[in-house]
Amino acid sequence: MAPVIVDGGKGSVELDDGGYVHLRWLPKVDIQVEDARAAMATVNDVCQNQPHPMLVDMASVASVSREARAIWSIPCSASRIALLGRSPVDRVLANFFLGVHIPPCPTRFFTSRDDALAWLNSGQAGPTA
Amino acid sequence: MSPDGETADPRLQELVEGIVRLAAGDLEARLVASENGDEIDAVITGINLLAEELGHIHAELEERVAARTAMLRRTQVELELMAKTDALTGLANRHLLSERIRDAIAAASDAAKVPAVLVLDLDSFKAINDTLGHSAGDAVLVEVSRRLLSVVRAEDTVARLGGDEFAVLIDSATEEETLAIAQRARDALQESVKIGSETVWTTASIGVCIQRAGYSPEDLIRDADIAMYQAKSEGRNKVRRFHPDMLDAVLERSRITSELRSAAAGGELALLYQPVVELATGRIAGVEALVRWHHPVHGTIMPDLFIGIAEETGLILELGRWVLQEGIAQLGRWKAEAPELAGFGLHVNLSAAELLRNDLVDDVRETLSRHGVEPRRLVLEITETVLMSRGAGEEQILHRLRDLGVGLQIDDFGTGYSSISYLRSLPADTVKVDQSLIRNLESDPRQHKFVAAVLQLIAAAELNAIVEGIETEGQASRLQAMGCQYGQGYLYGRPVDAAQVLERLRGAVQPR
C-alpha cells in the first residue's frame, strides 16, 4: 500500500508486507501532541483496528513534547512497538518516553533495523534498550 | 582548556552554564543541541527533557496545593456553618442568632424600624416526647421550624435555642409589623401536626422584646424570654410583649423555687383537711388534704402560688411524695387515736408528673402498710385534663393503683374536655364536679337543669358525685334533691388542721 501521510505532514504510516505497521517520522521535526494524535489515528486506521507490531522510525527527530509522549501511553492498534533510532540523542529521547510513561504494549529501542524487525516478528518481550 | 592543551568542545561550557541556570531555579532554561547527534548532544537533549519534567512537576504541585487550599477553605466555611446551625432543623443556633442580632442593632438607622426578638417555647412538647418518643418529637420540631420560617420575612432569622425553644430575629420593623409577625407565628402553630398516624397539637408561648437604646443581643433575648414565661403563666398559646414589671414576677418565681426546694425538708409544709360530707346525713365521709406552706418570713403561702412553679420545675414530685406520706401517716394517727371514727377516707391530689413516677404504686403500698391503713381509705384525686391526656404508662399505673384497692377520683370535672364517653372508660370511682358549675345554681334555672344533667350522667356511668364549692344551704338542698350524694365547701367547713378534724368528727365543734 502507499504510505498515508499523517495530518500535519510530519510523518507517514504504511502497512508493510512483513506484517508490521511502519510509522516514519521526518528528520528534524518537532513532534507536538496534535502530531502524535494524528499519527495514532492514522495507525489505527491503517491497521483497521487489528493489532499489529509497529516499527517507528524516529532517527533525528528534533524533539517530542511531553504531551505528545503522553499520547503514546494510550492503547492503540500496536501490539508491540520497536523504536528505531541512530544517535545517542535518539536513545535519550526514546528512553524518556519509556521511562516516564507506561507503554500500553511491549516497547523497545533499537539502533539496528534488522534487530528491530526480528524482535517485532518474534513476539518475545526482551529487556528494554 | 583541557589538561593536554586541546580545545575543549564549546558545548561542554554551555552545558555547565545551562546546569547552573537550572540550579538557580530557572526551569525554563534550555540548551541547543548541534546537528551532530553525538553523545554531547544526547546529554544536552537529556538535560532539556529533565528540565521540562522538573518544570512540569513543579507546576503540577502548585496546582495541587492551590486545589487543596481551596478545598480546605471550603471545608472551613462548612465547619463554621455547622458550628452556627442546629443540626436537626438547619436553623441558626444561639451563636449565629446573637451575631445576627448584633449586626441588626448596628445597622439600624431608622428610628421607626428597629430589630426585635421573639422567643417561643412549645407548650406541650415534653408530653409529646414522653408519649410518642423522641423521633416523633424531632419530627415535630422540624415541622415547627418549617412553619416559623414560612411566617417570617427573608431578612429575618429563625433560630433554635435548644430543646423546644425557638427564637426569631425580626431584622428591622415597626412595632405593628413585629407584633403582626409574632401573631402569625402563633397562628401558624394552631393547626395540628401529623406525625405518621398520630396527630398532635403544639402551640407555643411567645415573648416579644423590641429593641431599645443600649440593649445588647443578650438583653433582647433575655427579656423576650421573660415575656415568654409571662405568656406561659397566663395560660400559654399567647403572645406577650416584654414589660419591666415582668422582671419582678421572674425574680419572685426564682425566689419561690429555691425556697420551695428546702421547704419540705425544713418542715415548712403542713397539711390542712377539708371535709367531704354525705349530703343526706351530714356525716363526714372523707377529708381532702390541702398543702400549705408556712414560710418563715412571708407567712402562709397558698398552693395556687407555688404548685404551678413546683409542676414546672419538677419539684412537684418531692412535694407530692411528702403530701402522700404525711397524709397517710396522719390517717394512721387518727385511726390509732380514735379507731371508732375510722370510717372516713383521705383524698389526696395527684399531679400529672406524679402519674409518671414508676415508684408511685410501690410508694403508696408501702406507706399504707407502714401506717396500718387500708388501701380503700385512700382516694387519689386526678384532674379531668390529666386523665384525658394519659398515655400508656399512666394507664398502667392507674390500673395498678385500682388493683391495690386505692380509690380514684376525677377532679375538676366540667372544666376540661368533657368528652362524654370517657366517663365510662376511666378507671375511677367518684367524680368531683368543679365549683364553677354551681355558681349560679340558685338564680339560673338553665344552670340548674345543666347540673342535674351532669349529675345524671355521672350516675349513669355508675360513679359517685361530689360537688365542691358549696357555700349556701340553697345550693346544698338543690343538689341533694338532684340526687347528688356528696359535697364539699365552706358550708361544711373550711380546711382545718388534723386536731380540729378529730374534734369535728367527735361532734365537739359545729361547722363554720
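Residue numbering restarts at 1 for every chain, and letters A, B, ... go by the order of the sequence lines. The figures here come from the full heavy-atom set of this structure, side chains too, leaving out hydrogens, waters and symmetry mates.
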Where do [X] and [Y] come nearest, in terms of heavy atoms and distance?
X     : Y     : value
B/E53 : A/R66 : OE2-NE, 2.6 Å
A/P88 : B/D38 : CG-C, 3.7 Å
A/V64 : B/L49 : O-CD2, 4.5 Å

Are more than 12 heavy atoms, taken from residues, nucleotides or ligands other than [X], located less than 6.0 Å from that residue's [atom1] atom?
X      : atom1 : answer
B/R21  : CZ    : yes
B/E60  : CD    : yes
B/D110 : CG    : yes

## Note on the structure
So CZ of A/R91 and CD of B/E39: to nearest 0.5 Å the spacing works out to 9.0 Å
### Message
Rounded to the nearest 0.5 Å, what separates atom OG in A/S60 from atom CD in B/E35?
### Response
9.0 Å
### Query
Heavy-atom distance under 4.5 Å to chain A: side chain of B/L50, backbone, both or neither?
both
